[in-house]
Visitor: 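Let me give you the structure first, and then I'll get to my questions.
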Amino acid sequence: MCSIIGYIGNENASPIIVKGLKRMEYRGYDSVGVATESDNKIELKKGVGKVNEVNSKIQLDSLPGKIGIGHTRWATHGKVTESNAHPHPSNSGKIAIVHNGIVENFEELKKQLEDDGYNFKSETDSEIIANLLQKNYEITKDVKKTIMKTVSEIRGHYAFVAMFENGQLAAARFHEPLIVGVGEDNVFLSSDVLGFIEYTDNAIYMESQSVIILNNKEFEILDFNGKEIKYEITKVSKEFGDAYKGDYAHFTLKEIYEQPDVIFKSGEILVEGIEKAVEYIKNAKNIYITGSGTSYNSALIAKQILSKYVKIKSEPIIASELQFAPDTIEENSVFIAISQSGESADVLEAVRIAKKLNCKIISIVNSLTSSLTRKSDIVLGMNCGPEIGVAATKSFTAQLIILYKIIQKLNETITIDFEQFSQSISKMIESPIKIKKIAKELKNISDIYILGRGINYPIAIESALKLKELTYIHAEGIPGGELKHGPLALMDTDTFVIIINPNDSTYTDTITSAREIKARGAKIIGVSDIESDVYDYWIEIPKINQILYPISEIIPIQLLAYYSALEKDTDPDYPRNLAKSVTVK
């Protein structure tokens with residue numbers, strides 16, 4: 001996944017583009033580049049590293065011109081090198097492009113272009129687009145015809161913005177996100193509203209299989225057949241502009257500490273949407289819940305609480321696996337899709353399969369203008385604000401709060417005081433001294449195991465995911481009952497084991513497992529509302545309603561992963577090799 005941006009207006013383009021790229025850096029941070037057009041000439045600068053690093057070295061924001069494009073990369077084709085960084089110029093240098101997505105037939109197109117005398121300087125599939133545009137422009141001498149011919153030849157999921165030497169911008173979208181920002185004196189093309197929210201809150205969400213042609217600040221939007229598309233300008237919530245760290249060292253820490261507010265706010269909203277979702281669920285023939293990564297772990301918890309509290313069966317499905325077993329889904333079912341961004345390629349593909357089977361789609365999503373929302377029958381917004389840190393934190397909490405609201409409507413005997421819960425979480429995390437101490441102990445270890453039973457097992461998996469993402473330590477979630485069926489062989493004096501052990505029906509069995517692990521010499525970190533002599537370190541959680549244990553358990557582990565990342569000198573906001581929203585398969 002990458003961030004792309006294009007700009008045309010009355011001001012110098014490069015400083016505006018660099019600022020937009022900084023805001024969208026969560027989408028890609030391996031390398032960065034900017035190209036601008038001035039006096040019918042394209043100038044380009046790019047390099048490896050984050051936006052601020054590269055800009056300080058080569059002054060991306062000094063390029064002249066009032067038209068430009070920019071990009072931050074998350075590598076899919078080719079290593080992280082300057083030559084693979086975007087923008088990519090065509091052989092003639094008269095066209096430059098930025099691209100997000102994958103060109104599936106790039107090898108075939110590359111051979112054709114090489115046979116026609118085109119040379120390639122990168123390992124990317126993206127450079128194909130630049131040279132294909134040049135070839136087609138030399139034939140058509142017309143930007144619109146060039147774009148139409150080019151998209152007819154490309155296969156895959158993509159969005160790209162092209163800048164021509166004559167000062168025109170054009171872009172195409174096929175599944176990957178592309179948004180038009182419309183200001184009084186400027187127009188933006190961006191993969192995220194964060195790219196332009198500082199300048200305008202007027203947005204056009206381009207449909208898949210559409211192109212936009214800009215001439216100065218005038219534009220037209222067409223489908224892939226050249227037919228004009230009617231579009232609506234949407235007002236974007238200004239909360240998306242609040243993507244700043246403030247006094248926090250990292251976005252990840254800020255977002256962890258925003259969770260008490262998320263609990264309180266998410267507990268107050270969505271009444272109408274929740275009621276509609278509840279009716280769908282009550283009358284469902286079958287219920288399937290899908291997500292990827294953290295969102296899939298939410299689906300696992302959803303299965304448990306639907307079964308325990310309202311006696312409704314559901315089946316969680318890893319989104320990326322559904323395409324290989326579409327027969328898993330029965331027609332006319334309810335399909336719940338969970339996604340922070342609403343742009344995850346695997347989730348969108350799973351929803352496409354479900355819709356073909358006439359399923360009703362309920363989405364739990366943070367971005368209310370995403371592709372997923374437009375494919376859904378009911379949209380339940382997380383209301384947690386923009387999440388910039390790559391590792392999901394507050395969005396996980398928001399997902400669970402929405403699930404709790406559904407459970408409350410399905411079973412009115414369940415009462416949750418969200419305000420009181422919010423206060424208890426605030427108190428729990430107000431002084432993380434003990435967690436910082438444990439983080440120092442984890443600095444040089446290579447393996448962590450996290451054990452949980454019942455509803456606590458998905459939290460063990462989510463805890464392992466957070467530790468892997470932020471610290472690069474091998475971490476594995478283990479079902480407590482499976483300990484003697486293999487994992488016990490891994491326990492020794494070099495091992496740390498986190499025990500997820502609240503005072504619920506799993507407590508006694510899990511304490512027993514902890515003692516068996518301790519007997520093998522491993523260090524035990526207990527996450528519980530009850531202290532025990534078996535724990536070498538105790539992370540205390542509040543004594544609360546049992547349904548809320550998952551949130552109170554994961555938040556201190558998020559903090560542990562964060563502070564362990566600092567001990568290991570890794571960047572908690574931008575873990576290596578990962579991107580916030582995986583919009584390519």
Side-chain angles (χ1 to χ4, degrees), residues 3-10 13 17 20 24 37 66-71 95-101 129 132-133 136-137 140-164 166-197 199-236 240 342-343 348 367-375 583:
S3 65
I4 57 178
I5 190 169
Y7 170 86
I8 185 167
N10 293 342
I17 289 170
M24 296 190 291
E37 183 275 331
K66 298 180 179 179
I67 301 169
I69 56 176
H71 187 275
I95 300 171
I97 67 99
V98 288
H99 165 233
N100 178 27
I129 299 172
L132 191 59
L133 286 166
N136 291 334
Y137 188 66
T140 66
K141 308 298 183 185
D142 179 87
V143 169
K144 187 190 300 185
K145 291 178 181 177
T146 295
I147 294 293
M148 291 301 179
K149 183 166 174 45
T150 300
V151 298
S152 72
E153 296 174 293
I154 296 172
R155 294 199 308 272
H157 291 190
Y158 58 82
F160 69 82
V161 181
M163 181 172 62
F164 292 76
N166 65 5
Q168 279 191 264
L169 286 181
R173 180 194 176 209
F174 188 66
H175 292 301
E176 298 298 324
L178 186 63
I179 306 164
V180 185
V182 184
E184 288 185 13
D185 300 310
N186 47 44
V187 179
F188 292 82
L189 302 169
S190 182
S191 48
D192 194 310
V193 295
L194 291 175
F196 57 77
I197 190 63
Y199 299 92
T200 179
D201 59 355
N202 293 320
I204 301 168
Y205 291 86
M206 289 182 60
E207 297 177 10
S208 186
Q209 301 186 61
S210 64
V211 303
I212 181 169
I213 312 295
L214 292 91
N215 197 346
N216 291 320
K217 284 161 282 186
E218 301 296 321
F219 60 86
E220 56 181 330
I221 300 176
L222 312 164
D223 66 20
F224 278 9
N225 295 315
K227 184 180 178 182
E228 189 171 343
I229 294 175
K230 292 182 180 179
Y231 58 83
E232 292 183 2
I233 294 180
T234 302
K235 285 284 184 184
V236 178
F240 286 100
E343 301 292 351
L348 292 174
S367 177
L368 298 182
T369 50
S370 62
S371 300
L372 178 57
T373 63
R374 293 191 288 277
K375 296 178 183 294
T583 62

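Heavy-atom basis, side chains included; hydrogens, waters and symmetry copies ignored.
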Visitor: Quick one: side-chain hydrogen bond (donor to acceptor under 3.5 Å, both in side chains) pairs with a partner in residues 203-216, sequence neighbours left out?
Guide: Tyr205-Thr369
Visitor: Assign the ring pair Tyr231 / Phe219 to parallel, tilted or perpendicular, where the plane angle (0 to 90°) is split at 30° and 60°.
Guide: tilted
Visitor: Does the Asp192 side chain pair with the main chain of Gly195, one donor and one acceptor, at a distance under 3.5 Å?
Guide: no
Visitor: Identify the two heavy atoms, one from Ala162 and one from Ile97, that lie closest to each other, and give their separation to 0.1 Å.
Guide: CB-CG2, 3.8 Å
Visitor: Specify the closest pair of heavy atoms between Leu169 and Tyr7, including all atoms of both residues, with the distance to one decimal.
Guide: CD1-O, 3.7 Å
Visitor: Does Lys217 NZ have over 12 foreign heavy atoms under 6.0 Å away?
Guide: yes
Visitor: Might you point out which heavy atoms bring Ile179 and Ala203 nearest each other, and give the distance in Å?
Guide: CG2-CB, 3.9 Å
Visitor: Once rounded to the nearest 0.5 Å, what's the spacing between atom CD of Glu184 and atom CG of Asn10?
Guide: 10.5 Å
Visitor: Report the distance from atom CG of Asn166 to atom NZ of Lys141, rounding to the nearest 0.5 Å.
Guide: 12.0 Å
Visitor: To the nearest 0.5 angstrom, please state how far the CD1 atom of Ile212 sits from the CD1 atom of Ile221.
Guide: 4.5 Å
Visitor: Minimum heavy-atom separation for Glu37 and Phe164, please, with both atom names.
Guide: CG-O, 4.0 Å
Visitor: If you define the side chain from C-beta out and look only at heavy atoms, does anything of Ile95 sit under 4.5 Å from Met163?
Guide: no
Visitor: With rounding to the nearest 0.5 Å, note down the distance linking CG in Leu178 to CD1 in Ile5.
Guide: 11.0 Å
Visitor: Do you know the tightest heavy-atom contact between Met24 and Ser3?
Guide: CB-CB, 3.7 Å
Visitor: Any non-hydrogen side-chain atom of Val151 less than 4.5 Å from a side-chain atom of Phe160?
Guide: yes
Visitor: Using side-chain hydrogen bond (donor to acceptor under 3.5 Å, both in side chains) as the criterion, list what pairs up with Asn136, not counting sequence neighbours.
Guide: Thr150, Glu153
Visitor: Are Ile204 and Thr234 side-chain neighbours, meaning at least one heavy-atom pair lies under 4.5 Å?
Guide: no
Visitor: Would you call Val211 and Phe224 a side-chain contact if the rule is heavy atoms closer than 4.5 Å?
Guide: yes
Visitor: Answer yes or no: is there a side-chain heavy-atom contact under 4.5 Å between Ile69 and Ile17?
Guide: no
Visitor: Give a yes or no answer on whether the side chain of Ser367 reaches the backbone of Gly342 with a donor-acceptor pair at less than 3.5 Å.
Guide: no
Visitor: Is Met206 close to Val180 at the side-chain level, that is, under 4.5 Å between some pair of heavy atoms?
Guide: yes
Visitor: Enter the distance from Arg173:CZ to Asn100:CG here, rounded to the nearest 0.5 Å.
Guide: 10.5 Å
Visitor: Please give me the minimum heavy-atom distance between Ile67 and Ile8, naming the atom from each residue.
Guide: CG1-CG1, 3.6 Å
Visitor: Pair Tyr137, Val143 - check side chain to side chain contact (heavy atoms under 4.5 Å, CB included), show working.
Guide: CA-CA 7 Å; Tyr137 188 66; Val143 169; 4.0 Å; yes
Visitor: Does Lys144 pair with Glu220 as a salt bridge, N-O distance under 4.0 Å?
Guide: yes
Visitor: Apply side chain to side chain donor-acceptor pair (under 3.5 Å) to residues Ser370 and Glu343 and explain how you reach the verdict.
Guide: CA-CA 6 Å; Ser370 62; Glu343 301 292 351; 4.9 Å; no
Visitor: Would the distance check show the side chain of His71 and the main-chain N or O of His99 forming a donor-acceptor pair, the cut-off being under 3.5 Å?
Guide: yes
Visitor: Taking C-beta and beyond as the side chain, do Leu222 and Lys227 meet within less than 4.5 Å on heavy atoms?
Guide: no
Visitor: Just how far is it from atom CD of Gln168 to atom CG of Asp142, taken to the nearest 0.5 Å?
Guide: 8.0 Å
Visitor: When you look at Phe196 and Asn202, which way does the side chain to side chain contact (heavy atoms under 4.5 Å, CB included) test go after all the steps?
Guide: CA-CA 9 Å; Phe196 57 77; Asn202 293 320; over 6 Å; no
